[in-house]
Asker: 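Starting off with a structure, shown below.
Just so you know, these numbers come straight off a predicted model, no measurement behind them.
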Amino acid sequence: MNRIFLVSAFLLAGLSTLCAAETPPLPAAAAPVVKNLAVELVEPHLHIARSNISGHARIALTFDACMGQADERILSTLVRERIPATIFVTARWLKRNPAALAVFLQNPDLFELENHGENHIPAVDTPTLVYGIASAGSPQAVRQEVEGGAAAMLAAGIPAPHWFRGSTAKYDLSAIGEIRALGYRIAGYSVNGDGGSLLGAVITEKRIASAKDGDVVISHINQPTHAAGEGVAKALVDLKMRGTEFVRLDDVEDMGDDKTTE
């Protein structure tokens with residue numbers, strides 16, 4: 001039991017460090033005092049319409065490109081195997097990865113690019129911490145995170161996004177309403193493929209390969225040095241060999257809870 005507790009604590013600490021490592025500090029004079037208030041957060045689920053065909057499960061692959069570099073193990077597998085996916089990009093990631101962006105834009109039949117925000121800040125409109133990351137903290141800051149991400153995408157030659165997924169994939173209900181009012185659907189998921197890219201290759205492969213008809217898988221495509229990426233790439237091939245139908249979020253009907261897609 002102690003061993004399980006220690007492993008869980010390690011993963012949580014690692015996720016906090018990973019997500020916060022590249023967040024630029026505010027100037028000292030402007031830095032807000034963040035209190036970890038008792039904010040009710042939700043982590044919405046999302047499913048897509050099933051194929052209902054035995055042996056031909058339909059799933060949607062979604063990848064977050066938060067910060068860092070492109071994971072060529074995953075990207076090259078998607079292109080080589082002609083597997084469609086929805087990629088959520090931040091403004092920060094776009095600046096650092098023009099070559100990967102070019103691959104996405106050169107394969108519009110495969111890749112749907114959507115909004116992951118401007119600075120990878122949790123879309124929560126009350127000051128709090130999510131996995132150790134300071135939230136946007138106000139409705140105005142949530143709006144800036146969403147609209148700043150969209151502006152960077154348009155400037156990079158990407159079509160206007162229709163979906164938004166915030167950093168950590170957690171929200172408060174009022175922020176969900178604010179994001180929906182901006183015209184976005186909010187992308188939850190039903191299978192956490194790589195545990196924030198912190199899981200090992202074997203368990204990542206098993207998690208993603210276990211996806212069932214109608215599932216939406218979340219993984220990361222921005223951590224090329226993490227073992228999880230190897231597992232992601234293997235799982236994609238596993239699923240294809242089993243006759244899986246891969247779709248992007250805009251290709252099919254969807255069902256999200258917490259009023260994220262209604």
Asker: Under 3.5 Å, which donor-acceptor pairs link side chains of residues 148-156 to any protein atom two or more places apart or in another chain?
Answerer:
none

Asker: Between Glu114 and His162 (side chain of the first, backbone of the second, donor and acceptor by atom type, cut-off under 3.5 Å), is there such a pair?
Answerer: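 Yes: the side chain of Glu114 pairs with the backbone of His162.
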Asker: Does Asn107 reach the main-chain N or O of Asp109 with its side chain, forming a donor-acceptor pair under 3.5 Å?
Answerer: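 Such a contact is absent between Asn107 side chain and Asp109 backbone.
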Asker: Is it possible for you to say whether Leu239 and Phe111 belong to one hydrophobic cluster, with membership spreading through side-chain heavy-atom contacts below 4.5 Å?
Answerer: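 Yes: a chain of side-chain contacts under 4.5 Å links Leu239 to Phe111.
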Asker: Does any non-hydrogen side-chain atom of Ile74 lie less than 4.5 Å from one of Thr77?
Answerer: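 Thr77 does not reach Ile74 side chain to side chain.
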Asker: Ignoring hydrogens, what is the shortest heavy-atom contact between His45 and Asp257? Give both atom names and the distance.
Answerer: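 Closest heavy-atom pair between His45 and Asp257: N-OD1, 2.8 Å.
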Asker: With rounding to the nearest 0.5 angstrom, report the CG to CZ distance, Leu94 to Phe104.
Answerer: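 Taking CG in Leu94 and CZ in Phe104, the distance rounds to 9.5 Å.
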Asker: Which atom names give the shortest non-hydrogen contact between Lys240 and Glu81, and what distance separates them?
Answerer: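 Distance-wise, the nearest heavy atoms are NZ-O, 2.7 Å.
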Asker: Within a reach of under 6.0 Å around CZ of Arg50, are more than 12 heavy atoms found that belong to other residues, nucleotides or ligands?
Answerer: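 Open: at most 12 neighbouring heavy atoms sit under 6.0 Å from CZ of Arg50.
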Asker: Would you say Thr86 and Glu112 are linked by a side-chain donor-acceptor pair, where the criterion is simply a distance under 3.5 Å?
Answerer: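 Yes.
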Asker: For the side chain of Lys212 and the backbone of Ala57, is there at least one donor-acceptor N/O pair under 3.5 Å apart?
Answerer: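 No, because the side chain of Lys212 does not come within donor-acceptor range (under 3.5 Å) of the backbone of Ala57.
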Asker: Quick check: does any side chain N or O of His120 sit under 3.5 Å from a backbone N or O of Ser167, one acting as donor and the other as acceptor?
Answerer: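 No, because the side chain of His120 does not come within donor-acceptor range (under 3.5 Å) of the backbone of Ser167.
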Asker: I'd like to know if Phe246 and Val79 are part of one continuous hydrophobic network [Ile/Leu/Val/Met/Phe/Trp/Tyr, side-chain heavy atoms within less than 4.5 Å].
Answerer: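 Yes, it is one cluster - the side chains of Val79 and Phe246 are joined through contacts under 4.5 Å.
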Asker: If I take atom CG from residue Asn119 and atom SG from residue Cys66, how far apart are they, to the nearest 0.5 angstrom?
Answerer: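 The SG atom of Cys66 is 12.5 Å from CG of Asn119, to the nearest 0.5 Å.
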Asker: Are Ile221 and Val232 co-members of a hydrophobic cluster defined by side-chain heavy atoms under 4.5 Å apart?
Answerer: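 In one cluster with Val232: Ile221, yes.
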Asker: Determine, using the 4.5 Å side-chain heavy-atom cutoff (strictly less than), whether Val252 and Ile218 are members of one ILVMFWY cluster.
Answerer: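 They do share one cluster, since a chain of ILVMFWY contacts under 4.5 Å joins Val252 to Ile218.
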Asker: Would the distance check show the side chain of Ser135 and the main-chain N or O of Leu129 forming a donor-acceptor pair, the cut-off being under 3.5 Å?
Answerer: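 Here the side-chain-to-backbone pair does not exist.
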Asker: Checking Ser197 against His226 for the side chain to side chain donor-acceptor pair (under 3.5 Å) test, could you report, in this order, the C-alpha distance in whole Å, the side-chain angles of both residues, the deciding distance, and whether it holds?
Answerer: CA-CA 7 Å; Ser197 84; His226 289 196; 3.0 Å; yes
Asker: About how many Å separate CG of Asp258 and CD of Glu43, when rounded to the nearest 0.5 Å?
Answerer: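 Between Glu43 CD and Asp258 CG, I get 10.5 Å after rounding to 0.5 Å.
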Asker: Taking atom CZ of Arg143 as the centre, does the number of heavy atoms from other residues, nucleotides or ligands within less than 6.0 Å exceed 12?
Answerer: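 Atom CZ in Arg143 is not crowded, with 12 or fewer foreign heavy atoms closer than 6.0 Å.
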Asker: Can you name the closest pair of heavy atoms from Asp71 and Gln223 and give their distance?
Answerer: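 That closest heavy-atom pairing would be OD2-O, 3.5 Å.
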Asker: Check whether any side-chain heavy atom of Asn192 sits under 4.5 Å from a side-chain heavy atom of Asp194, and report yes or no.
Answerer: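 A side-chain contact exists here, since the closest heavy-atom pair is under 4.5 Å.
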Asker: Write down the atom of Phe88, the atom of Phe164, and the distance for their closest heavy-atom approach.
Answerer: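 Here Phe88 and Phe164 meet closest at CE2-C, 4.0 Å.
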Asker: So does Glu147 get a backbone contact from the side chain of Glu118, meaning a donor-acceptor N/O pair under 3.5 Å?
Answerer: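 No, because the side chain of Glu118 does not come within donor-acceptor range (under 3.5 Å) of the backbone of Glu147.
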Asker: Roughly how far, to the nearest 0.5 Å, is OH of Tyr171 from CD1 of Ile186?
Answerer: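 It is 5.5 Å, given to the nearest 0.5 Å.
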Asker: Closer than 3.5 angstrom, by distance alone: can the side chain of Asn97 be matched with the main-chain N or O of Gly68 as a donor-acceptor pair?
Answerer: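 Yes; at least one donor-acceptor contact below 3.5 Å.
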Asker: Linking I/L/V/M/F/W/Y whenever their side-chain heavy atoms sit closer than 4.5 Å, directly or via other members, would Phe63 and Leu101 fall into one cluster?
Answerer: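 The answer is yes; both residues are in one hydrophobic cluster.
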Asker: Shortest non-hydrogen contact from Gly137 to Pro127?
Answerer: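 Looking at all heavy atoms of both residues, the shortest contact is O-CD, 3.3 Å.
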Asker: Do Leu61 and Leu236 touch side chain to side chain, with heavy atoms closer than 4.5 Å?
Answerer: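 When only atoms from C-beta onward are counted, Leu236 and Leu61 do touch, with a gap below 4.5 Å.
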Asker: I want to check something: taking the side chain as every heavy atom from C-beta on, are Ile59 and Thr244 in contact at a cut-off of under 4.5 Å?
Answerer: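 Yes, their side chains come closer than 4.5 Å.
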Asker: Would a 4.5 Å heavy-atom cut-off, applied to side chains only, mark Val124 and Leu41 as touching?
Answerer: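 Yes; the side chains approach each other to less than 4.5 Å.
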Asker: Hey, what do you get for OG1 (Thr168) to CD1 (Ile121), rounding to the nearest 0.5 Å?
Answerer: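 These two atoms lie 11.5 Å from each other.
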Asker: Determine whether a donor-acceptor pair (N or O, by modelled atom type, separation under 3.5 Å) exists between the side chain of Thr126 and the backbone of Val39.
Answerer: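 No.
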Asker: Whether the Ser190 and Asp215 side chains hold a donor-acceptor pair (N or O, under 3.5 Å, no angle test) is what I'd like checked.
Answerer: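 On atom types as modelled, these side chains qualify, holding a pair under 3.5 Å.
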Asker: Can you give me the closest heavy-atom contact between Tyr131 and Lys170, atom names plus distance?
Answerer: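 The pair with the smallest heavy-atom distance is OH-CE, 3.2 Å.
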Asker: Taking the basic N atoms (NZ, or NE/NH1/NH2) and the acidic carboxylate oxygens, is any pair closer than 4.0 Å for Glu205 and Lys234?
Answerer: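 No, Glu205 and Lys234 are not salt-bridged.
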Asker: Arg165 pairs by side-chain hydrogen bond (donor to acceptor under 3.5 Å, both in side chains) with which of Thr62, Asn115, Thr260?
Answerer: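 With Arg165 as partner, Thr62, Asn115, Thr260 yield a single side-chain hydrogen bond (donor to acceptor under 3.5 Å, both in side chains), made by Thr62.
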Asker: Can you check whether Met67's main-chain N or O pairs, donor with acceptor, with Asn222's side chain at less than 3.5 Å?
Answerer: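 Judged by distance alone, yes, a pair lies under 3.5 Å.
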Asker: Would you mind reporting whether Pro84 and Val247 have side-chain heavy atoms less than 4.5 Å apart?
Answerer: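 They are not in side-chain contact.
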Asker: Would you tell me whether Ser138 and Asp125 have side-chain atoms, one donor and one acceptor, within less than 3.5 Å of each other?
Answerer: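 Absent: no donor and acceptor within the cut-off.
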Asker: Rounded to the nearest 0.5 Å, how far apart are NE2 of His220 and CG of Leu199?
Answerer: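 It is 10.5 Å, given to the nearest 0.5 Å.
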